[in-house]
Amino acid sequence: MAKQTPMMQQYLEIKAQYEDAFLFFRLGDFYELFFEDAKKAAHELEITLTSRGGTHDRIPMCGVPYHSVDQYIQQLIEKGYKIAICEQVEDPKEAKGVVKREVVKLITPGTVMEANLLNDKENNYLATVADFEDGSFGFGRTDLSTGESAVTLIEGDLNDVIYELASISAKEVVVSEAFASKYEDTLEQQLNLTVSVEEERELPESMEGLCSELEQSKLIETMAPLFHYLIKTQKRSLDHLQKVTYYSRNEYLKIDYHSKRNLELTETIREKKKQGSLYSILDKTETSMGARLLKKWLEQPLVDRKKITERHSVVQSLLDNFFIREELKDKLKEVYDLERLAGKVAYGNVNARELVMLRRSLHQAPSIRIM
DNA sequence: GTCTTGAGGCTAACAT
DNA sequence: ATGTTAGCATCAAGAC
């Protein structure tokens, strides 16, 4: 390969660390992509592929201005790609030679934090699968935007794993290299999700507290790679993550994929539209948190009689008490997405408008609690 | 409405 | 040797 300019050397060094992601390389007012990234991105995003350099050996390039980068990120995330955002980390006026640059965050389908890329009414799950020597699987999930995590064991085959991944609509799954080489194609094609590899299997010290309620070592081993992946990709505070909860797959009714589709619980069969689904008819929720909970209830019906009765009696008491119900509705209208707001605060990318939303929401909390 | 320009880094090519 | 300039993705603001 021909000798590169200083900036291209810098680019290649950084790119080598993020082989599996599009590297958005900040250059002045633009994020630029080079080489194969440029060719692929130009094709996916339908933008012009150009080049830079001299008259010979020009380097393929495409780019977008910083103020409209979000829409392009969104397109790539929706297609399941990962993106590394590389910023200029010193003042160009002070810099001698090329300005220092660093990857400041990795955006992947399962770790998106930007509100405009997330659907309010749906969780955005990053899953993880561990395969144990006895043939069983560990299955875990985290929604980075709300901070919730849950884990279970699967005594079954790969189809049961696929069922679990499909039932939470996981966007991305963290697995070992060995697992990926065996099943990556199946997972990507059947479930349309992004597969990420993480080898580290020891639980990070900073995450021990989150796993304090897990009693079996298999459960902790399942979650460890997922937490490593989060630390590696996010480069930020993960303080808003809540304790990992254990659930048994027997708590919920198993509905096979085809039945679920035919019941049109959350989307219609032919158009995959929400409108017309059972969920869209039942959804009278006032908050995003409520909408996500309702969806969970529909997709994972309870089987334990006692729990079902409990849930019914709560619903019944609200049905019977018109005034309390209406008052509660009014108060909840003032409540914004607390789960995700908390995440943004811990994460350090909260803005003023969102802080005002947080204040209004918390203001309602005491009176709601009394009811 | 349509056309032109500049936004900010970096570099190749041309000018002194 | 050192200095100046043209170009280069898209988008929004300004000119017409």
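Atom set for the values below is all heavy atoms of this structure, side chains included, hydrogens, waters and symmetry mates excluded. Order of the sequence lines sets the chain letters (A, B, ...), proteins ahead of strands, with each chain counted from 1.
- Comparing A/G97 and A/T55 along DNA chain B, the residue whose closest nucleotide (by nearest heavy atom) sits nearer the 5' end is A/G97.
- The nearest whole Å value for the distance from the CE atom in A/M61 to the P atom in B/dC10 is 13 Å.
- In this structure, the CD1 atom of A/I47 is 12 Å from the C1' atom of C/dC11, given to the nearest Å.
- Whole-Å rounding puts the A/M8 CE to B/dG9 P distance at 18 Å.
- Remark: the separation of the P atoms in C/dG7 and B/dT4 is 15 Å, to the nearest Å.
- Contact annotation: the side chain of A/C86 never approaches that of A/R26 to less than 4.5 Å [non-hydrogen atoms, C-beta and beyond].
- The P atoms of B/dC10 and C/dA1 are separated by 24 Å, rounded to the nearest whole Å.
- Side-chain N/O atoms of A/R26 include none lying less than 4.0 angstrom from OP1 or OP2 on C/dA9.
- Environment of CD in A/E202: sparse, with no more than 12 heavy atoms of neighbouring residues, nucleotides or ligands closer than 6.0 Å.
- Nucleic acid contact for A/L27: base, since at least one base atom lies under 4.0 Å from a heavy atom of the residue.
- A/T5 has no side-chain polar atom (N or O) that falls below the 4.0 Å cut-off from OP1 or OP2 of B/dA12.
- Regarding contacts with the backbone of B/dT11, every side-chain N or O of A/Q4 stays at 4.0 angstrom or more from both OP1 and OP2.
- Summarising the geometry, the separation between CG on A/L33 and C1' on C/dA9 is reported as 10 Å, rounded to the nearest angstrom.
- Nucleic acid contact for A/E46: none, since no nucleic acid atom lies under 4.0 Å from a heavy atom of the residue.
- Among the atoms of the strands shown, only primed sugar atoms or phosphate atoms (P, OP1, OP2) are found under 4.0 Å from some heavy atom of A/Y72.
- In this structure, A/V98 and A/P65 both approach DNA chain B, and ranking their closest nucleotides by distance from the 5' end singles out A/P65.
- Each of A/M357, A/R360, A/E286 was evaluated against A/E334; a single residue qualifies, A/R360, per the side chain to side chain contact (heavy atoms under 4.5 Å, CB included) test.
- Taking atom CG on A/D29 and atom C1' on B/dG8, their separation rounds to 5 Å, with Å as the unit.
- If A/T48 and A/R52 are placed on DNA chain C by their nearest nucleotide, the residue sitting closer to the 5' end is A/R52.
- Between A/F25 atom CZ and C/dC8 atom C1' there is a gap of 15 Å when expressed in whole angstrom units.
- In summary, of the residues considered (A/Y18, A/F22, A/F24), a ring-ring contact (aromatic ring centres under 6.0 Å, His included) with A/Y81 occurs for A/F22 alone.
- Contact between the side-chain N/O atoms of A/Y31 and the OP1/OP2 oxygens of B/dG9 is not found at any separation under 4.0 Å.
- A/M7 comes within 4.0 angstrom of the backbone, heavy atoms only, and of no base.
- Among the candidates A/V174, A/V244, A/I220, the single residue satisfying the side chain to side chain contact (heavy atoms under 4.5 Å, CB included) test with A/F227 is A/V244.
- For the C1' atom pair drawn from C/dT10 and B/dA12, the interatomic distance equals 23 Å after rounding to whole Å.
- Stacking of the aromatic ring of A/F30 onto the base of B/dG9 is not found under the criterion of centres within 5.5 Å and planes under 30°.
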